[in-house]
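First listed ligand is number 1; within each ligand, the first listed atom is number 1. These numbers were taken from a predicted model, which means no experiment stands behind them.
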Amino acid sequence: MELLHKVKRNYKAQFSDDPIMVKASGRINLIGEHVDYNDGFVFPAAIDKGIIVAIGRNEDSCCYATALDFEETYRFGLDEVSKQNNGGWRNYLLGIIHELQKRFLPLGNFNMVFAGDIPAGSGLSSSAALENSIVFAINTLFDLGLCREEMVKISQKAEHEFVGVQCGIMDQYASMFGKKDNFLLLDCKSLDVVSYEADFDSHELVLINTNVQHTLSDSAYNDRRNVCEKISSMLGKKALRNVSEEELTTLSGKITLADYQKAQFVIQEIQRTQRAAICLENKDMAGLGNLLFSSHEGLSKEYQVSCDELDFLVDMAREDNGVIGARMMGGGFGGCTINLVKKGEGQNYIEKVEMAYKNKFGVTCSVYHVSISDGTYLLNE
Ligand code: GLA
């Protein structure tokens with residue numbers, strides 16, 4: 001609520017009319033990492049941290065957008081929308097407008113103020129939340145009639161074209177369609193979804209942020225995607241979702257071992273995600289925890305998107321009786337781990353980890369208890 005008031009207050013101080021207010025959430029992902037762009041299954045949920053946007057029409061000849069967290073205001077004309085070098089947050093906004101203009105949608109000039117409480121680089125999808133909050137706000141303001149699925153695709157395209165990350169659909173989907181107290185088992189090929197109540201029995205989810213984000217993570221992400229596409233096309237398939245481990249063996253010796261292992265990881269991670277849904281249904285928490293640990297092992301050793309800090313946190317989790325599963329979450333190379341912790345034993349573990357992490361890396365880690373929330377919605381009603 002504090003964030004809502006901050007954004008609204010700033011908007012009214014600058015522009016005085018009553019704005020439309022929109023919130024878009026960040027997301028966590030239980031399991032199913034780096035499989036969305038392989039048409040696989042993912043298991044995300046929207047969280048209570050997010051981005052809040054205030055928007056209203058203006059009669060000027062240009063638009064104004066204020067990013068409160070950066071204390072920056074950007075003035076631009078709708079007829080001069082193009083990707084900016086080192087544009088930062090501006091490229092998310094411009095990327096969305098560009099996509100809307102490509103669809104010949106009738107936009108007018110607007111004033112916008114936004115701020116968020118998703119820690120940058122935490123792997124909790126502040127990017128998707130920003131894109132969704134902007135497209136949802138503009139759609140509402142100008143009555144464009146876009147449905148949620150169209151908005152998800154616009155957000156993803158903006159990220160591809162203006163931000164330069166060839167992301168899958170998971171983050172934008174979860175941030176748009178998230179449902180309070182539910183995880184979404186999403187088939188990234190058909191976009192069919194099944195909701196699972198987030199009931200972990202006598203366990204809870206704890207996030208630990210390494211507070212590091214290693215450089216080159218965007219280009220490493222795009223590299224991984226290229227490897228997957230190359231391998232699936234060598235097998236005459238559109239995506240690795242359609243490739244079995246047996247089929248992959250036919251490429252043994254024809255591709256590098258490192259690439260082979262990456263494809264194998266993806267095939268196995270898709271299976272793990274489907275198994276996780278069964279565990280959740282049967283309240284098999286031990287089974288779910290083991291899947292999280294195996295997912296991390298694959299992400300670290302085979303897919304090679306982890307880093308020392310993430311591996312250290314997961315190794316500590318493995319050694320602690322209070323934690324039954326843990327893994328890195330999101331794109332990798334930093335950000336958060338997600339931990340399945342026995343209720344009541346979390347505090348001990350957290351204190352131990354905080355101290356050990358500080359001793360090892362000289363940086364403090366942050367601990368978040370997030371609640372699972374709705375995705376993107378109007379705050380005015
Ligand atoms: C980032 C991308 C997602 C997904 C994850 C890894 O968050 O935006 O599309 O690929 O990494 O699972």
Side-chain angles (χ1 to χ4, degrees), residues 24-47 49-51 91-92 95 118-132 152-178 183-189 191 207 209-210 213-214 216-229 239-241 262-263 265-270 272-273 276 291-292 295-296 298-300 302-307 310 327-338 375:
S25 302
R27 66 101 190 89
I28 55 176
N29 186 26
L30 188 55
I31 194 164
E33 221 61 89
H34 284 277
V35 297
D36 57 352
Y37 51 83
N38 289 297
D39 279 356
F41 288 88
V42 294
F43 218 164
I47 54 171
K49 292 181 187 296
I51 306 260
N91 277 333
Y92 293 87
I118 307 174
S122 58
L124 299 175
S125 291
S126 54
S127 304
L130 179 56
E131 291 147 5
N132 281 350
V152 164
K153 293 197 170 142
I154 288 171
S155 290
Q156 183 193 24
K157 203 78 206 281
E159 179 130 357
H160 288 184
E161 305 283 321
F162 272 55
V163 183
V165 181
Q166 298 301 311
C167 62
I169 196 82
M170 170 171 74
D171 302 351
Q172 288 80 6
Y173 190 96
S175 163
M176 181 63 75
F177 283 96
F183 277 87
L184 308 177
L185 180 67
L186 174 67
D187 178 335
C188 297
K189 186 176 183 184
L191 293 189
L207 305 181
N209 191 354
T210 56
Q213 186 64 51
H214 294 286
L216 297 181
S217 58
D218 287 358
S219 61
Y221 184 93
N222 292 343
D223 286 350
R224 297 299 178 282
R225 185 168 181 155
N226 289 337
V227 167
C228 293
E229 282 169 5
L240 285 177
R241 152 84 172 268
K262 288 191 179 78
F265 162 79
V266 169
I267 296 168
Q268 291 176 353
E269 181 77 354
I270 294 172
R272 274 192 286 269
T273 308
L291 291 171
L292 297 195
S295 168
H296 185 81
L299 286 159
S300 176
E302 296 177 345
Y303 213 62
Q304 303 203 353
V305 288
S306 186
C307 60
L310 288 165
R327 60 177 203 85
M328 56 149 275
M329 198 179 62
F333 305 103
C336 288
T337 59
I338 180 167

N/O contact list for ligand 1, threshold under 3.5 Å:
unit_1, atom_1, unit_2, atom_2, d
ligand 1, 7 (O), Arg27, NH2, 3.2
ligand 1, 7 (O), Asp171, OD2, 2.7
ligand 1, 8 (O), Asp171, OD2, 2.6
ligand 1, 9 (O), Asp36, OD2, 2.5
ligand 1, 9 (O), Gly168, N, 2.9
ligand 1, 9 (O), Tyr221, OH, 3.3
ligand 1, 10 (O), Asp36, OD1, 2.8
ligand 1, 10 (O), Asp36, OD2, 3.4
ligand 1, 10 (O), Tyr221, OH, 2.5
ligand 1, 11 (O), Gly331, N, 3.3
ligand 1, 12 (O), Glu33, OE2, 2.6
ligand 1, 12 (O), His34, N, 2.6

* Can you find a side-chain donor-acceptor pair between Ser122 and Asn209 that sits under 3.5 Å? -> no
* Residue among Thr337, Val305, Leu299 satisfying side-chain contact (heavy atoms from CB on, under 4.5 Å) with Leu310 -> Thr337
* Structure fact -> Smallest heavy-atom separation, Pro44 atom then Asn29 atom, equals N-OD1, 3.3 Å
* Asked: Taking the six-membered ring for Trp, are Tyr37 and His34 parallel (under 30°), tilted (30 to 60°) or perpendicular (over 60°)?
  -> perpendicular
* Given Leu185 and Thr273, is the side-chain contact (heavy atoms from CB on, under 4.5 Å) satisfied, shown in steps? -> CA-CA 8 Å; Leu185 180 67; Thr273 308; 4.0 Å; yes
Which side-chain N or O atoms in residues 162-169 pair as donor and acceptor under 3.5 Å with protein atoms at least two apart or in another chain?
none

